[in-house]
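Accompanying notes for the structure given below.
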Amino acid sequence: MKWTEGGVCAPKGFQAAGLHMGVKTHNTEKKDVALIVSQQMCTAAAVYTKNAVKAAHIHVDKKHLADGKCLAAVINSGNANACAPCGEENAIRVCAAAAKEIGCQAEDVVVASTGVIGQTLNIGAIEAGMPQLYQALSADAAGSDGAAHAIMTTDTVKKELAVETTVGGKTVHLGGIEKGSGMIHPNMGTMLCFITTDCAISAEMLHTMLLDTVNASFNLISVDGDTSTNDTCCVMANGLAGNEEITAKGADYDAFYQALKALCVKLSVEMASDGEGAKHLITCTVTGAKSDESAQALAKSVISSTLTKAAIFGADANWGRVLCAMGYSGENFDPEGVDISFESAAGTIAVCQKGRGLAFDEDLAKKILTEHDIVIKADLSEGQGSCTCWGCDITYDYIQINGDYRT
């Protein structure tokens with residue numbers, strides 16, 4: 001397995017584009033609609049938000065993917081099309097507009113939206129601009145780059161990756177684009193993420209694999225504790241790599257899963273690092289837990305803690321907030337067996353041993369916590385369970401961004 005270039009256009013047979021079409025009215029320079037099209041029909045699978053309030057596109061996509069197939073995806077930013085007038089009707093119209101240009105059925109298109117909740121989607125602008133968007137499709141890196149930029153909202157950097165691996169003796173590519181900066185507290189993956197691959201795999205196996213993948217990646221991050229209404233992660237597989245179709249678990253399944261997992265973990269870390277207003281990426285690794293599941297709950301509690309986030313923002317080695325967050329995780333463990341340390345490129349410092357504070361060099365701790373990438377390690381010495389989760393600090397900028405997000 002190796003990392004490569006091209007994003008969603010790295011796999012054979014995929015084209016993509018992104019343009020400004022008028023969904024974002026406050027900035028005419030920013031792209032706001034992306035289109036991804038496969039040369040041939042794909043097997044497809046998707047997972048969505050667990051929030052009871054769901055965006056219109058989720059209801060439409062569940063219907064369109066009921067047969068496990070799709071040919072294209074349209075994603076807009078600037079408007080969530082959630083709790084909005086004519087939400088599902090407009091989502092269907094987006095699919096129909098793309099289908100008209102592609103020459104397929106509207107049911108062969110999936111759709112997704114991100115942005116402000118409760119406002120009517122400018123469907124007229126999307127319908128009018130779809131011919132131009134279709135003509136802009138490209139199979140090279142520029143196509144994926146345009147699509148990656150078009151789905152961004154408060155993201156400060158585009159999130160786009162590609163990887164290649166070998167499945168059944170054939171070279172297989174996977175590419176992904178995602179957006180996510182705020183409302184990040186997944187019970188699936190709080191973001192929009194679209195992944196393409198030229199691997200041949202059945203829809204059933206793809207769905208099984210996707211569920212396992214998001215639990216090992218997107219479900220392990222948190223920015224602000226808010227689970228979005230629009231979360232969607234969709235994988236499209238067109239089979240053009242020429243491998244024998246994966247229809248059961250085995251060596252080929254494992255090889256593809258490892259590549260998909262690596263792609264999603266890296267995208268997850270990028271999203272956590274680009275949290276709204278964030279100055280630090282926080283990685284929390286819990287070891288010595290009774291089980292991996294227990295370690296996950298403990299680590300997730302730490303990276304979700306507002307007080308821990310604030311301490312990291314202030315470069316304050318307040319390890320008590322870490323232990324406190326572990327204590328309200330709901331997991332049963334012995335607090336008096338916990339060792340805690342902070343790490344970064346500037347060094348490592350132990351701050352807690354067996355649940356009690358250690359005398360440590362505050363100046364060194366400050367230096368360590370001033371780095372961008374901060375690692376919190378907690379060892380329970382109770383078992384073999386371990387897990388790593390990712391988050392970010394909370395800053396004044398986060399309040400400013402979200403204080404006037406709608407206006």
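Judged by distance alone, the side chains of His57 and Thr232 do bring a donor and an acceptor atom under 3.5 Å apart. Residues Ser77 and Asp32 have side chains that never bring a donor and an acceptor to within less than 3.5 angstrom of each other. A donor-acceptor contact closer than 3.5 angstrom is absent between the side chains of Glu164 and Thr171.
A 4.5 Å side-chain heavy-atom check between Lys62 and Tyr48 finds at least one atom pair inside the cut-off. In this structure the side chain of Phe14 reaches within 4.5 angstrom of the side chain of Ile36, judged on heavy atoms. Inter-residue side-chain proximity for Leu19 and Val33 is flagged as unmet; no heavy-atom pair is nearer than 4.5 Å. Under the 4.5 Å side-chain criterion, counting only non-hydrogen atoms from C-beta, Glu270 is in contact with Leu161. A 4.5 Å side-chain heavy-atom check between Thr308 and Ile303 finds every atom pair outside the cut-off. Residues Lys290 and Asn332 form a side-chain contact, since some pair of their non-hydrogen atoms from C-beta on lies under 4.5 Å apart. By the 4.5 Å heavy-atom criterion applied to side chains, Thr197 and Phe256 are counted as neighbours. Val94 has its side chain within reach of Leu121: a pair of non-hydrogen atoms, C-beta onward, lies under 4.5 Å apart.
Separating the OG1 atom in Thr306 from the CG atom in Asp393 is a distance of 12.0 Å, to the nearest 0.5 Å. Between the NZ atom of Lys179 and the CG atom of Asp274 there is a distance of 10.0 Å, given to the nearest 0.5 Å. Here OG of Ser294 is found 8.5 Å from CE of Met326. Values are rounded to the nearest 0.5 Å. Rounded to the nearest 0.5 angstrom, Met152 CE and Glu178 CD are separated by 11.0 Å. Put simply, CD1 on Ile374 and SG on Cys392 are 12.5 Å apart, with the number rounded to the nearest 0.5 Å. How far CD of Gln296 is from SG of Cys284: 12.0 Å, rounded to the nearest 0.5 Å.
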Practice problem: For side chain to side chain contact (heavy atoms under 4.5 Å, CB included), just list the numbers for Trp319 and Val338, CA-CA rounded to whole Å, side-chain angles, deciding distance to a tenth of an Å, and then say yes or no. | Solution: CA-CA 11 Å; Trp319 61 268; Val338 179; over 6 Å; no
Practice problem: Applying side chain to side chain contact (heavy atoms under 4.5 Å, CB included), run through Asp292 and Ser386 and close with a yes or a no. | Solution: CA-CA 5 Å; Asp292 290 345; Ser386 65; 4.2 Å; yes
Exercise. Show your working on side chain to side chain contact (heavy atoms under 4.5 Å, CB included) between His372 and Ser273 and close with a plain yes or no.
Key: CA-CA 9 Å; His372 180 270; Ser273 182; 3.1 Å; yes
Exercise. Run the numbers on Asp397 and Lys279 for salt bridge (Lys or Arg N to Asp or Glu O under 4.0 Å), then give the verdict.
Key: CA-CA 10 Å; Asp397 291 342; Lys279 307 300 182 186; 3.2 Å; yes
Exercise. Using the side chain to side chain contact (heavy atoms under 4.5 Å, CB included) rule, take Asp373 and Thr283 through it: C-alpha gap first, then chi angles, then the decisive distance, then the call.
Key: CA-CA 8 Å; Asp373 292 5; Thr283 300; over 6 Å; no
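Glu331 places no side-chain N or O within donor-acceptor distance of the main-chain N or O of Ala295, the cut-off being under 3.5 Å. Within the 3.5 Å criterion, the main-chain N or O of Ile349 finds no donor-acceptor partner in the side chain of Ser341. A side-chain donor-acceptor contact under 3.5 Å links Asn81 to the backbone of Gly87. Under the 3.5 Å distance criterion, the side-chain polar atoms of Asn79 are matched with a main-chain donor or acceptor of Thr120. Remark: the backbone N or O of Ile201 is paired with a side-chain donor or acceptor of Thr43 at under 3.5 angstrom. No donor-acceptor pair closer than 3.5 Å links the side chain of His149 to the backbone N or O of Lys30. Although no hydrogens or angles enter the test, the distance criterion places a donor-acceptor pair under 3.5 Å between the side chain of Ser344 and the main chain of Ile368. For Ser301 (side chain) and Ala297 (main-chain N/O), no donor-acceptor pair under 3.5 Å exists by modelled atom type. A donor-acceptor distance shorter than 3.5 angstrom exists from the side chain of Glu382 to the backbone of Asp334, with no hydrogens or angles considered. Using modelled atom types, one side-chain atom of Glu160 and one backbone atom of Asp145 make a donor-acceptor pair closer than 3.5 Å.
Here the closest non-hydrogen pair linking Glu5 and Ala162 is O-CB, 3.8 Å. The shortest heavy-atom contact between Ala237 and Cys199 is CB-O, 3.5 Å. In plain terms, the two heavy atoms of Thr370 and Ala315 that are nearest each other are OG1-CB, 4.1 Å. Among all heavy-atom pairs drawn from Val110 and Cys70, the shortest one is CG1-CB, 4.2 Å. What you find for Phe218 and Cys233 is that their closest heavy atoms are CE1-SG, 4.0 Å. Across every non-hydrogen atom of His64 and Val109, the tightest pair is ND1-O, 2.7 Å.
In summary, of the residues considered (Asn219, Ile221, Leu220), a side chain to side chain contact (heavy atoms under 4.5 Å, CB included) with Ser268 occurs for Ile221 alone.
For the side chain to side chain donor-acceptor pair (under 3.5 Å) test, no residue two or more places apart in sequence or in another chain qualifies with Asn122.
Within a 6.0 Å radius of OH in Tyr396, other residues, nucleotides and ligands contribute 12 heavy atoms or fewer.
Taking 4.0 Å as the cut-off between side-chain N and carboxylate O, Asp198 and Lys170 do not count as a salt-bridged pair.
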